[in-house]
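What follows is one structure encoded as structure tokens, with my remarks underneath.
Remember, predicted model here, so these are calculated numbers, not experimental data.
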There are 2 protein chains.
Amino acid sequence: MTTTTQTRKPGARARLIAAAERLFYAEGIHAVGVDRLCAEAGVSKRSLYQHFGGKDDVVTAMVQARADEFGRQLTGENRSPRGRVLVVFEALDRGSEAPDFHGCPFVGAVTELKDRDHPAARLAREQKNRLTEYFQAALIDGGARDPGLLAPQLTLIFDGASAHAMMHFGSTPATRQAVETLLSAHGM
Amino acid sequence: MTTTTQTRKPGARARLIAAAERLFYAEGIHAVGVDRLCAEAGVSKRSLYQHFGGKDDVVTAMVQARADEFGRQLTGENRSPRGRVLVVFEALDRGSEAPDFHGCPFVGAVTELKDRDHPAARLAREQKNRLTEYFQAALIDGGARDPGLLAPQLTLIFDGASAHAMMHFGSTPATRQAVETLLSAHGM
DNA sequence: GTCGAAGTACACCGATCAGTGTACTTCTGA
DNA sequence: TCAGAAGTACACTGATCGGTGTACTTCGAC
């Protein structure tokens with residue numbers, strides 16, 4: 001029960017994951033070494049290798065942590081079906097304006113890792129499916145025509161908008177307009 | 001005139017850029033060292049530093065080369081306005097099916113470099129603008145309503161489709177359908 | 001009070017990183 | 001033919017890479 005029990009101060013593992021989320025996203029996975037990671041986490045190198053099998057394992061745990069947060073955000077509680085779709089793009093718009101925005105962390109991880117079979121890449125891929133399923137559920141609730149087609153289209157827009165924001169330092173009104181056009185084309 | 005004159009065998013510079021296009025795309029910019037790059041190009045390390053200021057300079061030249069090829073492909077000759085839009089997505093669909101597809105090289109470069117002011121990142125950004133302008137010109141020719149809004153939306157779909165193909169090993173029919181929906185929503 | 005788990009400090013490993021210095025060869029154009 | 005440009009071979013730099021071995025400390029539970 002040691003892992004689930006609440007401790008006063010965050011353990012080495014948690015601090016390493018937090019530092020990995022920050023550094024790998026801001027500077028890149030290959031650009032940040034384990035020495036640097038440990039230093040920023042305030043954790044000894046020895047501890048890293050007691051909690052993780054290696055750097056790749058830290059990367060996987062970091063993506064897993066991102067996935068957990070993503071799942072937690074993906075509720076759309078107290079919203080209409082249409083609102084549950086739009087809330088995703090509103091959140092992206094907000095995030096895009098931050099000066100340290102570097103695109104979708106899941107797409108970024110796969111881009112850097114290249115290896116499609118990397119455990120972290122598998123996790124990242126699952127998050128895209130999760131987003132599409134979230135959209136689809138909202139679309140079904142809203143009575144949209146062909147939710148199975150519209151849902152992946154919204155994920156397409158999401159990833160395109162992420163890329164745009166990364167390349168051009170901010171969001172574009174074209175995103176919202178595209179979502180509206182696609183929604184109304186499907187009677188929603 | 002030495003640089004513009006056609007020589008029998010490709011020089012060291014050209015071979016380095018060709019190797020850089022291949023290796024940096026397939027394995028990542030940070031994952032490929034200069035020794036490795038020179039070995040694959042069949043060029044001595046000394047020659048690299050005679051032609052380029054450093055690795056960053058090679059990266060920039062590689063993105064420039066990609067940009068030149070991109071511009072050459074972006075003609076859409078002998079096509080209807082609508083066809084000039086669709087040909088872009090047909091080309092992406094074809095490229096997406098390759099097992100060594102890793103998404104848009106321009107987005108990938110910016111993702112890896114992080115630094116928005118890097119010369120290669122600037123070049124990459126310009127290519128996105130170029131694509132949007134290409135779309136806009138075709139849309140104007142086709143008499144679309146609000147080409148200034150629709151064009152960036154098509155670029156959004158393009159980048160979303162690239163990301164999807166990288167994450168899921170191939171294209172999706174949702175892309176084409178989304179393009180059709182947006183086009184017809186703008187009377188084209 | 002003591003025992004074990006958790007964590008730290010730090011030196012160390014071979015490999016690779018980007019980049020340089022020096023001396024040699026190979027090709028080409030006048 | 002011969003000068004100069006283009007390129008190669010290779011040793012070498014200091015820094016960093018991911019990862020390990022060993023000995024020490026800190027701290028909470030029983």
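Within the structure, the salt bridge (charged side-chain N to carboxylate O under 4.0 Å, His left out) test picks out the following pairs touching residues 151-172 of chain B (sequence neighbours left out): K128(B)-D159(B). Listed by first then second residue, pairs satisfying salt bridge (charged side-chain N to carboxylate O under 4.0 Å, His left out) with a partner in residues 96-107 of chain A number zero, not counting sequence neighbours.
Here S44(A) does not reach the OP1 or OP2 of dA9(C): none of its side-chain N or O atoms lies under 4.0 Å away. H51(B) has a side-chain polar atom (N or O) that falls below the 4.0 Å cut-off from OP1 or OP2 of dG7(D).
Using a 4.0 Å cutoff on non-hydrogen atoms, no part of residues 13-21 of chain A comes near DNA chain C.
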What does the B/S/- profile of nucleotides 15-30 of chain D look like, 5' to 3', with a 4.0 Å heavy-atom cutoff to protein?
--SBBBBB--------
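Here F89(B) pairs with F135(B) under the ring-ring contact (aromatic ring centres under 6.0 Å, His included) rule; sequence neighbours left out. The side-chain hydrogen bond (donor to acceptor under 3.5 Å, both in side chains) search around R15(B) returns none, not counting sequence neighbours.
Within the 4.5 Å cutoff, side-chain heavy atoms of E69(B) are placed close to those of E21(B).
In plain terms, the two heavy atoms of V87(A) and R79(A) that are nearest each other are CG2-NH2, 3.5 Å.
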Show your working on side-chain contact (heavy atoms from CB on, under 4.5 Å) between F101(B) and Y25(B) and close with a plain yes or no.
CA-CA 9 Å; F101(B) 182 79; Y25(B) 181 70; 3.7 Å; yes
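One hydrophobic cluster holds both L150(B) and L92(B) under the rule that ILVMFWY side chains link at heavy-atom gaps under 4.5 Å.
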